[in-house]
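A quick write-up on the structure given underneath.
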Amino acid sequence: MSQTASTVPMYAPVFPARSEHHSVRGLRYHFLVWGDLAKATDAQPLLLMVHGWMDTAASFQFMVDALRAQPGWAERPIVALDWRGFGQTETPPATDSYFFADYLGDLDAILDQLSPGRPVDLLGHSMGGNVVMLYAGVRSERIRKLVNLEGFGMPATQPGDAPQRYIKWLDEIQQPVRLKDYDSLDAVAKRLQTTNPLLRAEFAQWLAQHWAREENGRWVINADPAHKRPQPFLYRVEEVNAFLSRIACPVLFVEGAQTLYFMFFDGKFSREEFLQRVALVPDFRLETIDQAAHMLHHDQPEALAAHLAGFLTT
């Protein structure tokens with residue numbers, strides 16, 4: 001019988017992060033910091049990591065522990081952030097929806113604070129991977145190297161889809177939205193393992209305390225429920241391709257061999273279409289990690305750390 005989250009010890013970080021808060025575009029932003037930012041150099045710049053939808057900065061802890069064991073990474077500065085409305089970062093007032101332009105705006109301001117005048121190595125997972133690709137299309141001079149973990153993009157849309165998209169958005173912002181809560185930390189951990197069966201039980205138990213907080217005897221997800229509402233804007237592939245063709249820094253894309261990402265689109269978006277898009281990126285390489293799905297930084301942090309070190313150390 002396999003172990004559940006409640007029958008194993010909780011993971012203990014080898015290299016715990018420290019929490020910092022900074023004002024970013026009027027919001028109190030939360031960061032996890034490993035190492036001394038003052039030790040960043042041109043050859044070993046800050047590694048800034050951004051998470052995906054319904055995730056937090058703490059999601060990268062397992063990967064950081066593995067990365068610290070790689071040659072040349074013992075003291076290199078690393079930072080992970082909680083996006084607006086996630087984790088411990090403030091929620092914007094009176095927000096009906098969240099928009100990609102704001103993520104890019106936040107990222108630009110964060111680099112001004114954390115690495116003024118020096119390019120960073122930038123890593124994004126899933127939604128964060130899509131954000132960093134767009135950002136690199138307009139701010140490549142601020143990035144030495146870019147890593148995209150499973151940020152495949154979205155299905156193409158047609159102009160005729162726009163009216164119905166706005167109707168759906170207008171209807172949804174009139175209705176309250178909430179996230180499911182849980183009766184215990186174990187229940188949160190089990191939810192994480194249900195979503196990702198490859199997640200180790202000790203990892204799930206540790207993540208649960210960062211993914212949720214206790215309120216009035218219930219465990220509530222650390223995310224603004226408004227994140228569940230879709231954006232009214234279409235995903236315009238022609239515009240995305242224009243961003244991709246402008247990326248002037250080297251890009252490493254890492255996928256999980258067992259990813260189920262494309263299964264969620266009922267044939268409207270395929271891996272082959274993704275490969276056609278990223279063929280526009282001038283300096284692009286694709287690497288695959290076995291026994292890993294969409295959350296590959298949870299599933300195989302040691303293998304992923306080796307891929308990152310190979311790309312970012314040279």
Side-chain angles (χ1 to χ4, degrees), residues 20 22-27 29-33 37-38 40-53 55 57 60 76-86 89 92 98-154 231 233-254 274 277-286 308 311-314:
E20 294 186 3
H22 301 277
S23 178
V24 177
R25 299 180 65 219
L27 295 177
Y29 245 84
H30 176 244
F31 300 87
L32 293 180
V33 182
L37 270 62
T41 67
D42 291 342
Q44 292 192 322
L46 167 69
L47 172 59
L48 177 63
M49 307 186 297
V50 301
H51 64 79
W53 188 76
D55 207 352
F60 293 110
R76 185 163 167 183
I78 302 172
V79 172
L81 59 79
D82 286 337
W83 283 122
R84 56 174 50 213
F86 285 119
T89 291
Y98 286 79
F99 302 99
F100 262 55
D102 278 322
Y103 297 130
L104 268 68
D106 291 352
L107 183 55
D108 207 42
I110 287 165
L111 292 185
D112 285 341
Q113 291 191 33
L114 300 185
S115 189
R118 174 177 284 129
V120 302
D121 287 341
L122 184 61
L123 179 151
H125 172 250
S126 193
M127 181 194 80
N130 292 304
V131 172
V132 298
M133 293 291 274
L134 295 178
Y135 186 75
V138 293
R139 288 282 199 258
S140 278
E141 71 277 5
R142 307 200 73 170
I143 306 168
R144 189 188 73 123
K145 293 186 176 182
L146 185 146
V147 178
N148 183 346
L149 308 180
E150 290 251 334
F152 291 104
M154 299 292 290
Q231 299 183 24
F233 308 123
L234 298 180
Y235 186 85
R236 300 182 178 92
V237 171
E238 296 81 5
E239 293 181 7
V240 172
N241 287 345
F243 280 84
L244 297 179
S245 65
R246 286 175 48 92
I247 297 177
C249 58
V251 177
L252 169 66
F253 190 101
V254 188
F274 158 73
R277 296 179 190 177
V278 294
L280 298 169
V281 180
D283 187 347
F284 181 88
R285 69 184 75 176
L286 173 67
L308 298 183
F311 179 64
L312 297 176
T313 304
T314 56

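These numbers were taken from a predicted model, which means no experiment stands behind them.
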Does the side chain of F86 come within less than 4.5 Å of Y98's, by heavy atoms?
no
Without swapping roles, check the side chain of R76 against the backbone of P45 for a donor-acceptor pair under 3.5 Å.
yes
Check against side chain to side chain contact (heavy atoms under 4.5 Å, CB included), L244 and F284
CA-CA 10 Å; L244 297 179; F284 181 88; over 6 Å; no
If you look at every heavy atom in L107 and L48, which pair is closest and at what distance?
CD1-CD2, 3.7 Å
Measure the shortest side-chain to side-chain distance between V240 and M154 over non-hydrogen atoms and say whether it is less than 4.5 angstrom.
no
Show your working on salt bridge (charged side-chain N to carboxylate O under 4.0 Å, His left out) between R25 and D106 and close with a plain yes or no.
CA-CA 7 Å; R25 299 180 65 219; D106 291 352; 2.8 Å; yes
Evaluate the criterion side chain to side chain contact (heavy atoms under 4.5 Å, CB included) for residue pair L32 and F60; output intermediate values, then yes/no.
CA-CA 10 Å; L32 293 180; F60 293 110; over 6 Å; no
Compare every heavy atom of H30 with every heavy atom of D82, then report the nearest pair and how far apart it is.
OD2-ND1, 2.8 Å
How far does NE2 of H22 sit from OG1 of T89, to the nearest 0.5 angstrom?
10.5 Å
For V132 against G129, the heavy-atom pair lying closest together
CG2-O, 3.2 Å
Please test K145 against D283 for salt bridge (charged side-chain N to carboxylate O under 4.0 Å, His left out), starting from the C-alpha separation and ending with a verdict.
CA-CA 10 Å; K145 293 186 176 182; D283 187 347; over 6 Å; no
Checking side-chain contact (heavy atoms from CB on, under 4.5 Å) against V79, which of L47, V33, V50 comes through?
V33
Non-hydrogen side-chain atoms of R139 and L111 separated by less than 4.5 Å:
no
Please determine whether side chain to side chain contact (heavy atoms under 4.5 Å, CB included) holds for the pair V120 and R142, giving the CA-CA distance in whole Å, both sets of side-chain angles, and the decisive distance to 0.1 Å.
CA-CA 6 Å; V120 302; R142 307 200 73 170; over 6 Å; no
Taking S140 for its side chain and A136 for its backbone only, find out whether a donor-acceptor pair lies under 3.5 Å.
yes
Given 3.5 Å as the limit, does a donor-acceptor pair link the side chain of E150 with the main chain of H125, or not?
no
To the nearest 0.5 Å, atom CZ of R277 lies from atom CG of N241 at 7.0 Å
Would you give the length of the straight line joining atom OG of S115 to atom CG of L46, rounded to the nearest 0.5 angstrom?
5.5 Å
Could you walk me through whether L146 and Y135 pass side chain to side chain contact (heavy atoms under 4.5 Å, CB included), step by step?
CA-CA 10 Å; L146 185 146; Y135 186 75; over 6 Å; no
Do V147 and D121 make a side-chain contact, defined as non-hydrogen atoms from C-beta onward lying under 4.5 Å apart?
no
Do you know the tightest heavy-atom contact between M127 and F100?
CG-CZ, 3.7 Å
Compare all side-chain heavy atoms of Y29 with those of E20 and state whether any distance is below 4.5 angstrom.
no
Within the side chain of Q113, is there an N or O that forms a donor-acceptor pair under 3.5 Å with the backbone of S23?
yes
Short side-chain to backbone donor-acceptor contact, R144 and L312, under 3.5 Å
yes
Side-chain heavy atoms of D108 within contact of L104, under 4.5 Å:
no
Is W83 reaching over with its side chain to a backbone N or O of H51, donor-acceptor style, under 3.5 angstrom?
yes
Taking the side chain as every heavy atom from C-beta outward, state whether L114 and L37 have any pair of such atoms under 4.5 Å apart.
yes
